[in-house]
Amino acid sequence: MQFSRNDILFVAVGAILGAAVGLAVKLGWLATYASFPHYLFVLIGMGLIEVVVGFVTGRPPGTLVGMPARIAAFVAGVGALMLVAGAIS
C-alpha cells in the first residue's frame with residue numbers, strides 16, 4: 001500500500017502532537033503518573049485534528065485518511081511521546 005500526501009501529513013502531525021504531549025510531560029504540565037494516560041491525549045488530539053480539517057475542507061468525517069495512516073500516525077505519536085518524555089532511555 002502506498003500512502004498519499006494526506007496520509008503522510010497526518011502521520012507527521014501525529015508525531016508532532018506526540019512530541020508536544022511528551023514535552024508537556026517533561027516540563028511538568030502533565031502529571032507523570034496521572035489516571036488519564038498520556039497516549040489518550042495523542043489519540044484525542046488526532047481525532048480533533050481530523051474532524052477540524054474535514055470540516056474546513058468540506059469532506060465527511062472519516063474520509064480524510066485511511067485506517068493504515070491512522071494507525072501509523074498513532075504509533076508515530078506514541079513513539080515521539082515516549083522519546084521526548086524520556087520513557088525510552
Side-chain angles (χ1 to χ4, degrees):
M1 179 181 162
Q2 201 168 19
F3 282 157
S4 68
R5 183 178 49 141
N6 287 344
D7 295 340
I8 293 170
L9 287 174
F10 192 71
V11 172
V13 167
I16 291 169
L17 186 61
V21 173
L23 184 63
V25 170
K26 189 95 167 163
L27 294 176
W29 295 345
L30 291 174
T32 305
Y33 297 105
S35 61
F36 195 69
H38 299 128
Y39 66 86
L40 285 180
F41 286 112
V42 176
L43 190 62
I44 291 170
M46 285 177 15
L48 288 175
I49 288 170
E50 187 173 2
V51 167
V52 168
V53 171
F55 180 72
V56 169
T57 60
R59 298 176 76 177
T63 61
L64 184 64
V65 294
M67 188 57 73
R70 286 188 185 103
I71 294 170
F74 183 65
V75 168
V78 171
L81 165 70
M82 292 174 71
L83 283 174
V84 173
I88 301 175
S89 301

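As the structure is a computational prediction, the values presented were derived from the model and not from experiment. The analysis underlying the following values was restricted to heavy atoms, covering all of them including side chains, and did not include hydrogens, waters or symmetry mates.
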Honestly curious: do [X] and [Y] fall in one hydrophobic cluster under the side-chain, below-4.5 Å linking rule?
X: Leu23; Y: Ile44; result: no
X: Met46; Y: Tyr39; result: yes
X: Trp29; Y: Met82; result: no
X: Leu40; Y: Leu48; result: yes

Notebook entry, point to check: With distance as the sole test, does His38 use its side chain to make a donor-acceptor pair with the main-chain N or O of Ala31 at under 3.5 Å?
Noted result: yes

Checklist line | Crowding at CZ, Phe74 (>12 non-hydrogen neighbours, <6.0 Å) | finding: yes

Can you give the donor-acceptor pairs under 3.5 Å from side chains of residues 52-65 to other protein atoms, not counting sequence neighbours?
from, atom 1, to, atom 2, distance (Å)
Thr57, OG1, Val53, O, 2.9
Thr57, OG1, Gly54, O, 3.4
Arg59, NH2, Thr63, O, 2.9
Thr63, OG1, Pro60, O, 2.7

Please list all pairs passing the salt bridge (charged side-chain N to carboxylate O under 4.0 Å, His left out) test where one or both residues lie in [range], with sequence neighbours left out.
range: residues 72-82; result: none
range: residues 23-40; result: none
range: residues 35-50; result: Glu50-Arg70

Next item on the list: Mind listing the closest non-hydrogen atom pair of Val42 and Val21 along with its distance?
Entry: CG2-CG2, 4.2 Å

Next item on the list: Check Ala19 against Ala80 and note the closest heavy-atom contact, atom names and distance.
Entry: N-CB, 3.8 Å

Item checked: Partner residues of Ile16 under the side-chain contact (heavy atoms from CB on, under 4.5 Å) criterion, sequence neighbours left out -> none

Could you go through residues 2-14 and list every donor-acceptor pair under 3.5 Å that involves a side-chain atom there, pairing it with any protein atom two or more places apart or in another chain?
from, atom 1, to, atom 2, distance (Å)
Ser4, OG, Asp7, N, 3.4
Ser4, OG, Asp7, OD2, 3.4
Asp7, OD2, Ser4, N, 3.3

Check: Can you find a heavy atom in the side chain of Val25 that is under 4.5 Å from one in the side chain of Phe41?
Finding: no

